[in-house]
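Scope of the values below: all heavy atoms of this structure, side chains included, with no hydrogens, waters or symmetry mates.
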Amino acid sequence: MSVSTPAPAGVEAAAPDGPGRKPTITRDDLIAAALRLLGPHRSVSTLSLREIAREAGIAPNSFYRQFHDMDELAVALIDVAGESLRRIIGDARKRAVSGRSIVRGSLEIFMERLRADDKLLHALLREGTVGSDAYKRAVDRQLHFFAEELQADLVRIAAAQGSRFHRPDLVARAITRLVFAMGGTALDSPPAQDEVLVEELAQMIRMLLRGAQALSRE
């Protein structure tokens with residue numbers, strides 16, 4: 001028997017329609033079913049259509065009413081994951097009052113979600129390395145959105161401090177890729193290492209920021 005997992009923000013699971021298969025199914029139901037099947041050793045790319053249909057309580061053919069194939073479902077899941085995480089980290093950035101607190105606050109939120117068994121975040125971290133080309137493009141698109149939002153923050157912070165960053169677009173891209181790469185490493189590390197990892201990441205990011213500020217003065 002599957003353990004019931006709450007649907008992610010923006011994804012509402014359909015109410016059961018009694019025993020047996022549901023007469024109707026939505027895209028969000030299928031995404032929620034896929035999330036329930038994910039785990040430490042299960043990425044989206046390892047799931048089968050029949051597994052997801054069974055978890056959602058539908059006949060396999062009903063899957064095609066919502067998605068063309070598994071790739072399309074995985075891309076939709078990754079999009080939901082990216083939107084959810086950007087919203088959480090965006091809230092943390094809005095509460096921050098300086099560049100230092102933005103870095104630290106964002107990293108701490110990131111690690112909190114990682115350790116809370118946030119399957120949406122796990123999907124983002126794993127599919128970029130083990131998924132199909134379609135999955136990897138979807139992850140790249142979400143990382144691009146993260147970098148765009150971070151770039152806007154960097155420009156805003158620099159203006160408030162009377163300074164600027166050299167190529168803030170590249171700085172934002174480098175930070176985004178660094179954090180997600182280290183996040184993938186953290187998935188396979190014990191939680192006891194989180195504090196050290198966050199501190200190391202914070203120092204790396206500060207080095208990038210200070211280097212970009214120095215280059216802008218040359």
Check: Out of curiosity, S62 OG to D29 CG, how far, rounded to the nearest 0.5 Å?
Finding: 11.5 Å
Item checked: side chain to side chain contact (heavy atoms under 4.5 Å, CB included) between L35 and L38, intermediate numbers included -> CA-CA 5 Å; L35 281 171; L38 297 182; 3.9 Å; yes
Item checked: V179-L170 co-clustered via ILVMFWY side chain contacts under 4.5 Å -> no
Check: What pair of heavy atoms forms the shortest contact from A134 to D71, and how long is it?
Finding: CB-OD2, 3.7 Å
Check: Same cluster or not: are I157 and V155 linked, directly or through other Ile, Leu, Val, Met, Phe, Trp or Tyr residues, by side-chain heavy atoms under 4.5 angstrom apart?
Finding: no
Check: Do the non-hydrogen side-chain atoms of I52 and M70 ever get within less than 4.5 Å of each other?
Finding: yes
Next item on the list: Would you confirm whether R27, through its side chain, and Q66, through its main-chain N or O, come within 3.5 Å as a donor-acceptor pair?
Entry: yes
Note to self: Can you tell whether the side chains of R86 and E148 come within less than 4.0 Å, N to carboxylate O?
What the structure shows: no
Notebook entry, point to check: So, R50 side chain and P60 main chain: donor-acceptor pair closer than 3.5 Å or not?
Noted result: no
Item checked: Within 6.0 angstrom of Q203 CD, more than 12 heavy atoms from elsewhere -> yes
Checklist line | Distance, nearest 0.5 Å, that separates CE of M182 from CD of E200 | finding: 6.0 Å
Item checked: Verdict with reasoning, E83 to R141, per salt bridge (charged side-chain N to carboxylate O under 4.0 Å, His left out) -> CA-CA 11 Å; E83 291 166 10; R141 184 169 62 251; over 6 Å; no
Margin query: Quick check: do V171 and L154 have side-chain heavy atoms less than 4.5 Å from each other?
Written below: yes
Notebook entry, point to check: Does T176 reach the main-chain N or O of A172 with its side chain, forming a donor-acceptor pair under 3.5 Å?
Noted result: yes
Next item on the list: May I ask you to test the R137-V75 pair for a side-chain heavy-atom distance under 4.5 Å?
Entry: no
Margin query: Do F146 and L187 sit in one hydrophobic cluster, given that two such residues count as connected whenever their side-chain heavy atoms are within less than 4.5 Å of each other, even indirectly?
Written below: yes
Check: Is it true that a side-chain atom of S84 and a backbone atom of A81 form a donor plus acceptor pair closer than 3.5 Å?
Finding: no
Check: Any link between L121 and V198 through a network of hydrophobic side chains (Ile, Leu, Val, Met, Phe, Trp, Tyr) touching at under 4.5 Å?
Finding: yes
Item checked: side-chain contact (heavy atoms from CB on, under 4.5 Å) against T185, all qualifying residues, sequence neighbours excluded -> S189
Check: Would you call Q213 and Q161 a side-chain contact if the rule is heavy atoms closer than 4.5 Å?
Finding: yes
Next item on the list: Check whether any side-chain heavy atom of I78 lies under 4.5 Å from a side-chain heavy atom of L120, and answer yes or no.
Entry: no
Item checked: Spacing of R173 atom CZ and L208 atom CG [to the nearest 0.5 Å] -> 13.5 Å
Notebook entry, point to check: From Q151 CD over to R156 CZ, what is the distance, rounded to the nearest 0.5 angstrom?
Noted result: 13.0 Å
Check: Among pairs that include at least one residue of residues 107-116, which meet side chain to side chain donor-acceptor pair (under 3.5 Å), considering only residues two or more places apart or in two chains?
Finding: R113-D118, R115-D194
Checklist line | Residues which pass side-chain contact (heavy atoms from CB on, under 4.5 Å) with E51, listed by chain and number, not counting sequence neighbours | finding: L37, R42, L47, S48, R54
Margin query: Would you compute the distance between atom NE2 of H144 and atom CG of D169 and round it to the nearest 0.5 angstrom?
Written below: 10.0 Å
Item checked: Sub-4.5 Å side-chain heavy-atom contact between R65 and I25 -> no
Next item on the list: Would you kindly confirm whether L178 and L107 end up in one hydrophobic cluster when ILVMFWY residues are joined by side chain heavy atoms under 4.5 Å apart?
Entry: yes
Check: Going through the checks in order, is the side chain to side chain contact (heavy atoms under 4.5 Å, CB included) test met by D69 and L49?
Finding: CA-CA 8 Å; D69 51 30; L49 186 154; over 6 Å; no
Notebook entry, point to check: Counting distance only, does the side-chain N/O of D79 pair as donor-acceptor with the main-chain N or O of A76 below 3.5 Å?
Noted result: no
Check: Do L73 and F63 touch side chain to side chain, with heavy atoms closer than 4.5 Å?
Finding: yes
Check: Is any side-chain heavy atom of F180 closer than 4.5 Å to a side-chain heavy atom of V139?
Finding: no
Next item on the list: Quick one: closest heavy-atom pair of G183 and F110, and the distance?
Entry: CA-CE2, 3.8 Å
Item checked: Nearest non-hydrogen partners of F165 and S216, listed with the distance -> C-CB, 4.1 Å
